[in-house]
Amino acid sequence: MSSALHFAVDNLISWPPAADAGSQASHPPLEQVPAMQRRRMSPLCKAALHGAFGLDEAGDDIPLVFASRFGDMSRSIELLRQLSQGEALSPTQFSLSVHNAIGALHGILAGHTGQYTAIAAGAETAEAAFCEALAMLSDGAPSVRLIVYDAPLPAPYQHAEAAPPDPLAWACRVRRAASGLSLRAAPATADADSPRLWPFLNGSAGHYIHHCGQSDWHWTRHG
């Protein structure tokens, strides 16, 4: 796949903030969320909502893309444990475990009635999210709000995948641009991965390659 669009990435937000990327001890304040509801949220949910709320000034009609490889897996594993032990499941906990739960929560809390989608695409989740955003731009959206979030997998799956990027969640606004960035897929090469996507988006490097199985995703910064 090759994108004909060049695009710009604005309003980069992360949790933990870039200066504290190695720490996951604190939680964002989320003043928009009632305290009782906030207490039921996982650290990953709070981090993702921090990014989504941070982009809300873009306007209610701006579509959103929520992207996560595994979603709130710790909550799902706890529900499975309860099932295996014959315990009753909480409807609230179940509703928060589905993959689009965080996007739906944002829509309820922010009063957003426009378009949003939730994406999971394995190791290529971030690229799939940007492809979705580019499709929305091609359909006429002035910009797209994009939120990417993942946490380390809990036991017993903690060794199943490599660790996610340093921020629990990051977010940005994607818009069409005359130069900016471009994204394309190509057959995989033997070259090792470049640094992760988050540092590339925050930096000034001209090229980033993400190796995913039989494909390489090429990110290029123009101009």
Side-chain angles (χ1 to χ4, degrees), residues 13-17 20-30 32-54 64-110 112 116-132 145-171 193 196-198 210-213 217:
I13 303 168
S14 69
W15 191 270
D20 302 317
S23 170
Q24 297 178 2
S26 60
H27 303 304
L30 294 184
Q32 306 91 332
V33 183
M36 182 176 295
Q37 193 165 9
R38 196 164 58 237
R39 285 193 292 271
R40 293 197 293 264
M41 293 178 176
S42 68
L44 180 63
C45 179
K46 293 176 182 177
L49 287 178
H50 171 76
F53 285 133
L64 297 107
V65 177
F66 289 85
S68 179
R69 182 171 186 177
F70 298 109
D72 211 338
M73 184 63 75
S74 59
R75 196 182 299 275
S76 298
I77 290 177
E78 175 59 20
L79 289 170
L80 290 173
R81 185 198 65 77
Q82 293 172 355
L83 275 176
S84 70
Q85 297 183 5
E87 299 176 12
L89 300 184
S90 161
T92 298
Q93 292 302 314
F94 177 79
S95 69
L96 292 173
S97 73
V98 298
H99 199 73
N100 68 327
I102 292 176
L105 271 175
H106 171 265
I108 294 169
L109 293 166
H112 175 71
Y116 87 93
T117 188
I119 284 180
E124 301 167 276
T125 292
E127 284 80 9
F130 272 90
C131 287
E132 180 73 12
R145 293 174 282 176
L146 189 149
I147 302 96
V148 179
Y149 53 99
D150 263 307
L153 286 175
Y157 299 109
Q158 67 270 34
H159 304 301
E161 294 290 340
D166 287 333
L168 283 177
W170 54 268
D193 279 359
R196 296 180 186 273
L197 177 57
W198 173 246
H210 182 200
H211 177 67
C212 297
W217 286 94

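Residue numbers run from 1 in the order of the sequence given.
For the atom pair NE2 (His106) and SG (Cys45), the distance works out to 11.5 Å, reported to the nearest 0.5 Å. Taken to the nearest 0.5 Å, the OG atom of Ser84 stands 9.0 Å off from the CD atom of Gln82. Here the OG atom belonging to Ser14 is positioned 4.0 Å from the CH2 atom belonging to Trp198, to the nearest 0.5 angstrom. Atom OH of Tyr149 and atom OG1 of Thr125 lie 10.0 Å apart (nearest 0.5 Å). The distance from atom CG of Leu146 to atom CZ of Phe66, rounded to the nearest 0.5 Å, is 9.5 Å. Separation of atoms OH (Tyr157) and OG (Ser74) is listed at 13.5 Å; rounding is to 0.5 Å.
Using a 4.5 Å heavy-atom threshold, the side chains of Thr117 and Asn100 count as separate. Put simply, the side chain of His112 reaches to within 4.5 Å of the side chain of Arg145, judged on heavy atoms. A 4.5 Å side-chain heavy-atom check between Leu49 and Gln32 finds every atom pair outside the cut-off. Within the 4.5 Å cutoff, side-chain heavy atoms of Phe53 are placed close to those of Leu109. Leu197 is not listed as a side-chain neighbour of Trp217, based on a closest heavy-atom distance of 4.5 Å or more.
Scanning both residues, Pro152 and Leu168, for their nearest heavy atoms gives CD-CD2, 4.4 Å. Annotation for Leu105 and Met41: closest pair CD1-CE, 4.2 Å, computed over non-hydrogen atoms. Nearest heavy atoms, His210 versus Ala123: CE1-O, 3.0 Å. Closest non-hydrogen pair, Asp150 versus Phe70, comes out as OD1-N, 3.1 Å. Closest of all the heavy-atom pairs between Gly71 and Ser68 is N-OG, 2.8 Å. Heavy-atom minimum distance, Ile147 versus Ala171: CG1-CB, 3.9 Å.
For His50 (side chain) and Pro29 (main-chain N/O), no donor-acceptor pair under 3.5 Å exists by modelled atom type.
Applying the salt bridge (charged side-chain N to carboxylate O under 4.0 Å, His left out) test to pairs two or more places apart or on separate chains, those with a residue in residues 70-95 are Asp72-Arg75, Glu78-Arg81, Arg81-Glu87.
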